[in-house]
Protein chains: 2
Amino acid sequence: MTRQRDVILQALADEEAFRSAQELYADLRTAGTPIGLATIYRALQTLADTGDVDVLRTESGEALYRRCGTRHHHHLICRSCGKTVEVAADAVEQWAHAVAKRHGFRDPAHTVEVFGLCRDCPDA
Amino acid sequence: MTRQRDVILQALADEEAFRSAQELYADLRTAGTPIGLATIYRALQTLADTGDVDVLRTESGEALYRRCGTRHHHHLICRSCGKTVEVAADAVEQWAHAVAKRHGFRDPAHTVEVFGLCRDCPDA
DNA sequence: CAGGGATTGAGAACCGTTATCACTATCGGC
DNA sequence: GCCGATAGTGATAACGGTTCTCAATCCCTG
């Protein structure tokens with residue numbers, strides 16, 4: 001419903017990259033917004049369930065969240081600064097479907113992420 | 001190098017699905033093979049670094065491991081029993097590359113997994 | 001303004017993973 | 001064979017992210 005939940009949505013709305021719960025917590029606290037870590041986790045979980053935010057797992061297992069469009073899409077993510085672009089991939093959808101079918105798998109789903117270095121990030 | 005590391009490779013060699021470190025630990029112990037959890041994690045990490053096993057993150061953040069072919073491939077995974085098929089996806093590779101280029105991202109990489117229910121698993 | 005259900009948040013608990021460190025196995029040279 | 005160096009092992013402690021607990025609080029309704 002409301003209040004700190006709006007605060008969280010607000011924080012995500014301004015952000016182009018995926019953020020962790022802990023980052024959001026730190027940012028909000030230093031910005032003077034009193035909020036509990038548990039509340040952030042709860043809100044993010046709810047928002048993820050309703051499809052209002054997308055969730056992504058770091059290589060280290062950490063969960064990252066981002067406000068995204070509601071229609072199906074994938075992400076192109078800068079592995080340095082985190083800048084994220086939503087991309088469509090009709091060809092990939094079809095491929096996934098075909099692969100599943102060919103091997104006798106039904107009810108197919110898929111995860112696809114593309115990583116790279118964006119224009120603004122040095123090679124380092 | 002050896003001994004318990006061979007044991008771990010052996011345990012993975014027989015297995016078609018991705019397994020967690022904890023599962024391997026439990027299996028080996030109940031099978032009467034004395035081994036430490038730390039050793040398993042170390043071995044899996046090494047094997048992952050050398051490309052001898054593939055790593056996959058559960059939705060809950062747990063790491064799963066599987067002995068796989070060394071050339072580039074993706075996975076078709078049964079979300080019920082875990083049965084896994086390695087699949088090639090040249091079209092997807094090319095798509096990922098093109099998407100990155102179109103948005104000015106360089107040095108592209110990507111993750112692709114397809115999930116479904118295999119022939120042998122009921123709907124439940 | 002009172003009652004009641006939902007929400008909050010500090011802290012404890014959890015769980016997978018990694019670090020610590022003493023002990024052990026292995027291997028090359030003598 | 002025997003020694004010493006080196007790498008590997010494993011019980012346990014520490015860690016880090018996430019979830020749970022529960023008392024305090026908010027907010028709506030009557």
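Within every chain, numbering begins at 1; the chains are lettered A, B, ... in the order of the sequence lines, protein sequences first and strands thereafter.
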So what does B/Q45 hit on the nucleic acid, given a heavy-atom distance under 4.0 Å: a base, only sugar-phosphate, or nothing?
sugar-phosphate
Phosphate OP1/OP2 of D/dA11: any B/R29 side-chain N/O under 4.0 Å:
yes
Do the charged groups of A/R79 and B/D107 touch, with an N to O distance under 4.0 Å?
yes
Atom pair distance, as rounded to whole Å: CZ in B/R3 and C1' in D/dA7
15 Å
Which nucleotide wins on minimum distance to the side chain of B/A38, given the candidates D/dA11, C/dT17, D/dT18?
D/dA11
With respect to the phosphate group of C/dT8, does any side-chain polar atom (N or O) of A/R5 fall under 4.0 Å of OP1 or OP2?
yes
To the nearest Å, give me how far apart CD1 (B/I35) and P (C/dA25) are.
15 Å
Can you tell me how far C1' of C/dG16 sits from CG of B/L37, to the nearest Å?
9 Å
When you look at NE2 of B/H75, are more than 12 heavy atoms from neighbouring residues, nucleotides or ligands closer to it than 6.0 Å?
yes
Can you measure B/Q22 atom CD to D/dG10 atom P for me and round it to whole angstrom units?
16 Å
Between P of C/dC15 and CD of B/E23, the distance in whole Å:
15 Å
Could you tell me how far apart B/D6 (CG) and C/dA25 (P) are, to the nearest whole angstrom?
17 Å
Please report the shortest heavy-atom distance between B/H103 and B/V99, naming the atom on each side.
ND1-O, 3.1 Å
Assess whether one donor atom and one acceptor atom, taken from the side chain of B/R57 and the base of C/dG16, lie less than 3.5 Å apart.
no
Using atom OH of A/Y41 as one end and atom C1' of D/dG16 as the other, report the distance to the nearest whole Å.
9 Å
Residue met sooner reading DNA chain C from 5', once A/Y25 and B/A63 are mapped to nucleotides
A/Y25
Which nucleotide sits closest to the side chain of B/R42: C/dT17, C/dT20, D/dT18?
C/dT20
Are A/S80 and A/C118 close enough that some pair of their side-chain heavy atoms sits under 4.5 Å apart?
no
Atom pair distance, as rounded to whole Å: CD in B/E59 and C1' in D/dT18:
15 Å
Check whether any side-chain heavy atom of A/C78 lies under 4.5 Å from a side-chain heavy atom of B/F105, and answer yes or no.
yes
